[in-house]
Amino acid sequence: MAIPERFMTNDKGTFGEYTASSRWPIILQNAIDDLTTQQELEKSNTTKFQQAESIKTGLRQFRQDVIDRVRLRPFTEEEIKLANVPLSFNEYLKEHSEANWGDVEWLFSEVYLYRRVNVLFQRESEWAEFDIFNRLKQSTFESSFHGVVELALRYQNLLPQLKNIGQNSEDNDEDLLKVLFKEFIEISLWGNATDLSLLTNATLEEIKSIQGAKARAESESKIVVNDTDKAWGVLTNAKANANGKPIRVDFVLDNSGFELYADLMLAAFLLESGLATKCIFHAKDIPYMVSDVMLKDFDILVQDLRDREFFPSGQPSTKESKALDFFAKEMGKFISSGELEFREDSFWTTELDYWNLDTKETKYHGSVLHKDLLNSNLVIFKGDLNYRKLTGDRKWPRTTKWETAIGPLATNGITSLSLRTCKADVQVGLPEGLDAKLSQEWEKENPGRGSWWCCSGKWAVICFCSGKSD
Ligand code: F6P
Ligand code: MG
């Protein structure tokens with residue numbers, strides 16, 4: 001099959017077109033407003049105050065450029081040095097010199113946007129370490145209080161049982177473990193529904209409605225591709241044949257706050273049950289896609305769990321407070337033992353899709369990461385943007401086989417699992433007829449936008465690939 005084109009920002013009636021024309025200006029305006037708030041707090045530092053003014057001027061101009069659909073310019077030599085911009089961006093723009101904000105590949109332009117924002121901050125020494133999205137990340141996590149406590153309690157209650165199962169290997173224990181595996185995979189999956197770039201104005205009730213056990217149970221029928229059993233097979237097989245060898249699970253992370261917390265729950269479950277002996281979390285090296293995890297976000301999350309003003313669970317003696325403290329302690333334990341490790345790499349914030357996670361990509365760490373991920377028993381790709389990168393964000397027919405859409409990753413040895421709530425136009429792996437059915441359903445409430453069912457975050461997919469050509 002010929003490889004289709006990528007989605008463009010001028011593909012009429014797509015979520016990509018809507019994102020470029022409506023969502024990006026809002027995201028950039030929110031960044032300007034948040035910087036203003038922060039600047040006011042730092043008023044006494046004149047240099048810092050003035051530097052913030054320069055960044056805001058740059059951001060306003062940049063926002064206008066996006067609205068006016070000007071051409072995307074290459075990064076200057078100075079910017080490349082100053083902000084360590086990977087050269088892949090300029091190489092792309094050399095090949096696509098006509099690209100403007102209204103007529104450019106959606107994937108490239110979206111990733112480029114966050115690089116340009118980052119350069120503006122890197123220019124100003126006082127703000128170089130500042131994460132412009134931190135305020136939003138924190139306030140949404142704070143609103144996730146109910147979901148956070150519910151999971152902490154669930155984890156604490158489950159742990160003694162889990163340790164027990166980890167040591168025995170009776171058949172009914174195996175069945176129980178499988179049920180729990182499925183539950184924790186779904187916790188991590190639906191954690192991806194808490195997406196700050198889509199939930200900018202969500203109310204506490206709305207956030208609550210997508211984070212609890214009840215919401216997960218109701219959403220089960222919304223998982224339209226579900227390969228959980230295959231991932232279970234891989235890890236139980238690894239456990240049975242481990243003989244002291246490590247069982248490694250990697251997470252190519254997506255969002256901070258509740259989603260990271262849900263991913264840590266899954267990792268803790270895997271480690272405590274013996275389905276994994278090491279989990280490696282791959283974070284972003286710059287503020288990215290509004291809410292994506294950077295290394296510092298893990299430390300902030302653990303602090304938040306311990307902070308009774310941030311999460312008002314009452315006195316230290318309440319069961320809620322104890323459960324939050326307990327999970328924070330678990331995290332500390334896993335980090336000190338090396339069972340949990342965080343890494344970052346600039347590859348994850350380039351525009352390169354994951355067809356480049358291969359021996360052939362030798363300039364931007366694709367081959368280095370590929371080599372390393374071959375040592376992993378399972379690489380979990382979280383969220384929507386990772387799904388777009390796995391499939392190249394191309395206009396595949398929606399019934400295209402997953403193995404076709406992920407290109408080299410189908411056969412280059414990496415065992416992968418994509419956990420994605422659907423928030424973009426690209427969609428593959430569906431059985432014949434399902435897209436038409438869901439489009440019709442969505443169309444009823446969203447006239448003219450039926451095909452956007454898979455951009456709403458209400459449906460999800462769990463896609464596995466062994467990475468072997470069998
Ligand atoms: O702005 C578009 C987008 O990339 C969508 O694909 C998605 O809605 C969001 O941003 C990122 O989602 P996620 O955090 O799940 O990758
Ligand atoms: Mg994200």
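For the numbers below, each heavy atom of this structure counts, side chains included, while hydrogens, waters and symmetry mates do not. Remember, it's 1-based here, ligands and their atoms both numbered in the order they're listed.
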[X] neighbourhood, listing ligand 1 atoms whose heavy-atom distance to it stays under 4.0 Å:
{"X": "Ala424", "answer": "6 (O)"}
{"X": "Trp106", "answer": "2 (C)"}
{"X": "Glu110", "answer": "1 (O), 2 (C), 3 (C), 4 (O)"}
{"X": "Leu385", "answer": "4 (O), 13 (P), 16 (O)"}
{"X": "Asp254", "answer": "13 (P), 14 (O), 15 (O), 16 (O)"}

Quiz item: Does Arg388 make a cation-pi contact with Phe7, if we ask for NZ or CZ under 6.0 Å from the ring centre and within 45° of the axis?
Solution: no
Quiz item: Considering only N, O or S atoms, which atom of Asp292 is nearest to the Mg ion (ligand 2)?
Solution: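 Nearest N/O/S atom: OD1.
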Quiz item: Can you tell me the N, O or S atom of Asp254 that's nearest the Mg ion (ligand 2)?
Solution: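 Within Asp254, restricted to N, O or S, the Mg ion (ligand 2) is closest to atom OD1.
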Quiz item: Does any N, O or S atom of Asn255, backbone or side chain, fall under 2.8 Å from the Mg ion (ligand 2)?
Solution: yes
Return yes or no for this condition: an N or O of [X] is under 3.5 Å from an N or O of ligand 1.
{"X": "Trp24", "value": "no"}
{"X": "Asn192", "value": "yes"}
{"X": "Lys423", "value": "yes"}
{"X": "Thr19", "value": "no"}
{"X": "Asp384", "value": "yes"}
{"X": "Asn386", "value": "no"}

Solution key, residues 401-412 side-chain donor-acceptor pairs under 3.5 Å, sequence neighbours excluded:
from   : atom 1 : to     : atom 2 : distance (Å)
Asn412 : ND2    : Leu357 : O      : 3.0
Asn412 : ND2    : Asp358 : OD1    : 2.8

Quiz item: Within a radius of less than 6.0 Å around CD of Gln29, do more than 12 heavy atoms belonging to other residues, nucleotides or ligands occur?
Solution: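 For Gln29, atom CD is crowded (more than 12 foreign heavy atoms under 6.0 Å).
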Exercise. Step through the shown structure and confirm whether more than 12 heavy atoms of other residues, nucleotides or ligands are within 6.0 Å of NZ on Lys222.
Key: yes
[Y] and [X] side chains, donor-acceptor separation under 3.5 Å:
{"X": "Trp24", "Y": "Glu110", "result": "yes"}
{"X": "Trp453", "Y": "Asp435", "result": "yes"}
{"X": "Asp304", "Y": "Gln138", "result": "yes"}
{"X": "Thr36", "Y": "Lys56", "result": "yes"}
{"X": "Gln64", "Y": "Asp68", "result": "yes"}

Backbone, side chain, both or neither: what part of [X] comes under 4.0 angstrom of ligand 1, heavy atoms only?
{"X": "Tyr18", "result": "neither"}
{"X": "Thr421", "result": "neither"}
{"X": "Arg420", "result": "neither"}

Self-check item: Counterpart residues, salt bridge (charged side-chain N to carboxylate O under 4.0 Å, His left out), relative to Arg420 (two or more places apart)
Solution: Asp384
Quiz item: Testing Tyr92, Trp101, Tyr114 for ring-ring contact (aromatic ring centres under 6.0 Å, His included) with Phe108, which one passes?
Solution: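 Testing each of Tyr92, Trp101, Tyr114 against Phe108, the sole residue satisfying ring-ring contact (aromatic ring centres under 6.0 Å, His included) is Tyr92.
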